[in-house]
Each structure stands twice: as C-alpha cells, then as structure tokens.
There are 2 protein chains.
Amino acid sequence: MPPAPLRRRYSAATKRALLDVAAAQFAEHGYAGTSLDVVVAGAQVTKGALYHHFAGKQALFEDVFARVEEDAAARIRAAMTSAGDPWDQARSALRAFLDVVREPAYRRVVLQDGPAVLGHERFREQEERTSRALVHEVTERVLVASAEVVDPAMVDTFSRILYGAVSAAGEQVASAADPTAETLRVECALGVVLDGLRQQATAGLRLTDPVAAP
Amino acid sequence: MPPAPLRRRYSAATKRALLDVAAAQFAEHGYAGTSLDVVVAGAQVTKGALYHHFAGKQALFEDVFARVEEDAAARIRAAMTSAGDPWDQARSALRAFLDVVREPAYRRVVLQDGPAVLGHERFREQEERTSRALVHEVTERVLVASAEVVDPAMVDTFSRILYGAVSAAGEQVASAADPTAETLRVECALGVVLDGLRQQATAGLRLTDPVAAP
DNA sequence: AGTCGGACATACTCACGGTACGTACTTTCA
DNA sequence: TGAAAGTACGTACCGTGAGTATGTCCGACT
C-alpha cells in the first residue's frame with residue numbers, strides 16, 4: 001500500500017499530527033498507558049517517522065508538555081492583563097489558574113506525569129519558562145508594592161511557595177465533588193493569606209534575605 | 001498459645017526482603033527504572049515469590065510508598081510533641097518536614113513517582129492517612145487557637161493549601177545549591193505568612209465557609 | 001499417614017520501546 | 001540535465017521486562 005505522496009512533502013504536518021495524537025493520548029491515558037504504536041497509527045504514519053522527528057517517547061512527551069504549559073500560561077496571562085492593581089492581578093491570575101487546573105489534560109500531563117517522566121530537574125527547567133515565570137512576576141509586583149525592602153532571593157523563595165500553595169489549591173478544586181463551591185473556599189482561604197501579607201505591608205514589612213543579612 | 005507457625009515466619013521474612021530491596025531500588029532508580037528481575041534477584045527469590053505476595057509492580061510500589069510516608073510522618077510527629085504552643089508546634093513540624101523532604105528516598109518515591117504511579121486518586125488516599133492528617137491536625141490547632149469562628153470545611157481547604165506550600169518549600173530546599181541557606185529563607189517566608197495569619201487572628205478573624213454562609 | 005493448601009520455582013508469553021537498514025522523493029550542483 | 005547527496009520516511013527486527021500458567025515441595029491439620 002503506497003502511502004499518499006502528499007504527506008511526504010510536508011514533514012511539518014506529520015510532526016504536528018504526531019504531536020496532536022500524542023497530546024490526546026498522554027492526556028487521556030497518561031505516559032505509561034500510551035503506546036507509540038497507537039500514536040503512529042493515529043497519525044497515519046509509522047515508527048520510522050516518529051523516530052525521525054523525536055528522539056524517543058520521553059522527548060515526544062516533553063514537547064507535548066511544553067505545549068500544554070505554554071498554552072496554559074498564555075491563557076492565564078491573557079486573563080491577567082486587564083487589572084491594574086497588583087493585588088487584583090494576582091487575584092485574577094489565581095482565578096484563571098483555577099480554571100486551567102481543572103482541565104484533565106493539564107492535570108494529567110503537567111501535574112501527574114510531568115515530574116515522574118521529566119524528573120525534577122527538567123520539570124523545573126520547563127516550569128521556569130512558563131507558569132513559574134508568571135507566578136514569579138506577579139509575586140514580585142505584589143511584594144514590591146507591599147514591602148519596604150524586598151530581596152530578590154526572597155522573591156524567588158516566596159514565589160515558589162506561593163506556586164505550591166496555588167497548585168495544591170487547584171488540585172483541591174479539581175478533585176472536589178463541587179468544584180464551584182470549593183473554588184469559593186479556596187479563594188477565601190488564599191484571600192486570608194494575602195490579607196495577612198497586606199496587613200504586614202502597611203505595617204512596614206522588610207523582606208530581607210536572612211542569609212545575606214548581618 | 002503455641003509458638004508462631006514456622007511457615008508464616010519464613011514467608012514474612014521473604015516479603016520483608018522483597019520490600020527492602022524494592023524500596024532501595026525505587027528510591028534510587030525510580031519506578032520505571034526499576035526492574036522486578038533485579039528486585040527478586042536482590043531478595044534471593046524468584047518472580048513466583050513476588051507475585052505470590054504482591055498483586056504486581058504497582059502494588060509493590062504502593063506498599064513501599066506507604067512505608068516511606070508512614071516513616072516520615074512518624075518522625076515529624078516525634079519532633080513535634082515537645083512544644084506546647086500550636087504556633088511552635090507548627091514551626092517545629094515544618095522544620096522536621098524540611099529535613100524529611102531532603103532525603104532522596106522521600107523525594108523520589110513520594111513527590112516524584114507517587115502521583116504518576118498511584119494516580120491522583122490513590123495518591124490522595126494514601127496521603128490522607130499520614131502526612132496530610134498531620135498537616136490537618138496542626139492546621140486545625142493553629143486555626144482554632146487563632147480565629148473566633150472556624151468552619152471544618154475551611155480547615156480542610158486551608159490545610160491542603162498549606163500542605164502544598166510546605167511541599168513546594170521542601171522541594172525548594174532540597175534542590176537548592178545551599179540547602180541550609182535556603183532553609184533559612186523558606187522559614188522566613190513561611191514565618192511571614194504565619195505572622196500574617198496571627199495578626200488577623202488577634203484582629204478577630206472569622207473563618208466561615210463562604211458556601212454555607214448566607 | 002495421608003492430604004490439603006500455602007509458599008514458592010520454572011518456563012513461558014506478549015506488549016512495547018527502540019534500532020538497523022532500505023527506499024522513494026527532493027534538492028543541490030557541476 | 002543528470003548524478004550525487006540528503007531528507008523523510010517505511011519495514012523488519014531485537015531486547016527487555018511485566019505478567020501468567022503450571023508444577024512442586026513441605027509444614028500443618030485430621
């Protein structure tokens with residue numbers, strides 16, 4: 001059965017087809033539950049094509065991972081631009097994230113399989129360029145607007161902790177029986193935390209690096 | 001009462017040997033990187049023994065996972081009993097957790113491979129009985145000591161968020177170039193968050209469920 | 001003393017990731 | 001313009017490793 005000559009000419013199309021099918025498979029069945037035979041069959045090609053475009057299963061997953069993360073970050077960023085006040089920006093970003101984290105694809109690829117497949121090292125590298133960068137950005141604006149003294153190292157530490165808190169909040173919302181109700185609770189709880197920071201801000205908080213400080 | 005059946009004792013020994021070897025392998029090479037052939041060879045038995053004691057690779061991992069988590073929770077709990085004030089308890093528990101999370105075994109088995117292998121569902125079930133229960137306990141004591149009104153549903157939401165924050169903090173410490181220095185920053189950052197809560201507590205915080213509230 | 005069942009051992013299957021090699025089509029260049 | 005080089009796959013195959021089917025030994029109970 002001679003394959004359609006049309007497909008041969010556009011290799012970018014086959015690569016995208018592979019990525020599309022792989023993304024759907026990884027999202028639905030997870031990394032371990034996805035067979036490359038199924039992927040290539042779904043993309044109407046063979047393993048030769050797959051291994052021509054990707055170094056292996058892990059590399060394929062990494063590309064899918066990056067696409068999912070970038071897409072999510074873009075949407076959160078879009079939902080954030082409107083507000084002017086850093087606190088409002090943080091709040092709208094949180095809301096957008098709580099929406100994103102409810103999608104099965106993001107949960108499966110990024111939160112569930114991501115760390116195990118990529119390893120902590122590569123996982124963090126990937127995050128650094130997308131969602132973590134976003135959280136870092138928002139955190140920095142909030143902290144600068146709140147504290148009198150803000151050390152860059154502390155911004156990093158703070159943003160990572162907040163990122164963990166927000167991720168857990170997202171997981172909580174996503175797995176709740178009533179996600180809408182849980183969203184309210186989560187926003188309330190995080191609101192209390194943020195209010196706590198805000199109160200300290202008005203009291204003249206100084207966020208210095210305890211290591212560098214004399 | 002006649003002495004313990006000899007048969008059973010030998011059987012228990014082989015099972016423990018399998019668990020020991022498996023724990024070491026999973027901790028060092030991860031779930032996917034661990035071969036059952038290596039495990040049974042290390043335990044001086046064959047696959048027949050393994051599949052007699054465990055339903056499969058995943059079940060074996062789950063037992064290892066439970067052991068690692070229970071061990072960690074026990075150590076944290078032990079480090080916590082001394083202090084009397086809920087805030088101090090929370091602080092010492094945090095410190096103990098930051099130690100635990102720096103161990104490769106815990107990082108690999110629980111944080112990295114856990115969610116992917118067990119799935120979110122079973123992962124949460126396992127957590128519920130150990131570390132999460134601990135965090136929930138501490139959170140409840142702190143909140144009850146702080147707020148005038150505390151809704152149980154909010155305690156759950158709060159503890160999950162705090163758990164995520166602490167986990168991220170642990171990850172941050174574990175992967176830092178200078179873990180000791182990063183520990184100081186993390187404790188400082190989390191201290192600020194806790195102080196924020198404490199200030200609101202003295203101001204008469206009421207932590208009601210926004211869903212149930214009229 | 002039989003025999004029943006738990007605790008393994010042995011040998012095998014099969015799915016799946018990865019590789020080696022061949023081939024058609026395209027581009028390059030003398 | 002025609003041959004050489006390179007691209008973009010297809011085909012056939014291998015090794016590994018999880019899981020299974022079946023046999024067997026031996027302590028325990030009747």
Once salt bridge (charged side-chain N to carboxylate O under 4.0 Å, His left out) is applied, do any residues pair with [X], and if so which ones, sequence neighbours excluded?
{"X": "B:Glu187", "answer": "B:Arg95"}
{"X": "A:Glu28", "answer": "none"}
{"X": "B:Asp178", "answer": "none"}
{"X": "A:Arg129", "answer": "A:Glu70"}

Calculate the interatomic distance between [X] atom [atom1] and [N] atom [atom2]; express it in whole Å.
{"X": "A:Leu60", "N": "C:dG17", "atom1": "CG", "atom2": "C1'", "result": "12 Å"}
{"X": "B:Leu18", "N": "C:dA9", "atom1": "CG", "atom2": "P", "result": "9 Å"}
{"X": "A:Asp37", "N": "C:dG18", "atom1": "CG", "atom2": "C1'", "result": "11 Å"}
{"X": "B:Tyr10", "N": "D:dC25", "atom1": "OH", "atom2": "P", "result": "19 Å"}
{"X": "A:Tyr51", "N": "D:dT11", "atom1": "OH", "atom2": "C1'", "result": "15 Å"}

Query raised in the report: Will you find, in the side chains of A:Ser159 and A:Glu140, an N or O donor that is under 3.5 Å from an N or O acceptor?
Result: no
So does [X] get a side-chain nitrogen or oxygen closer than 4.0 Å to the phosphate oxygens (OP1/OP2) of [N]?
{"X": "B:His52", "N": "C:dC8", "value": "no"}
{"X": "A:His53", "N": "D:dC9", "value": "yes"}
{"X": "B:Ser11", "N": "C:dC8", "value": "yes"}

Report summary line: So the side chain to side chain donor-acceptor pair (under 3.5 Å) pairs with at least one residue in residues 43-52 of chain B (sequence neighbours excluded) are none
Query - Close residues, residues 40-49 of chain B, relative to DNA chain C [heavy-atom separation under 4.0 Å] - result: B:Val45, B:Thr46, B:Gly48, B:Ala49
Query - Nearest listed nucleotide, side chain of A:Lys57, among C:dG18, D:dT20, C:dC16 - result: C:dG18
Report summary line: Winner on side-chain proximity to A:Thr14, out of C:dG18, D:dG17, D:dC9, is D:dC9
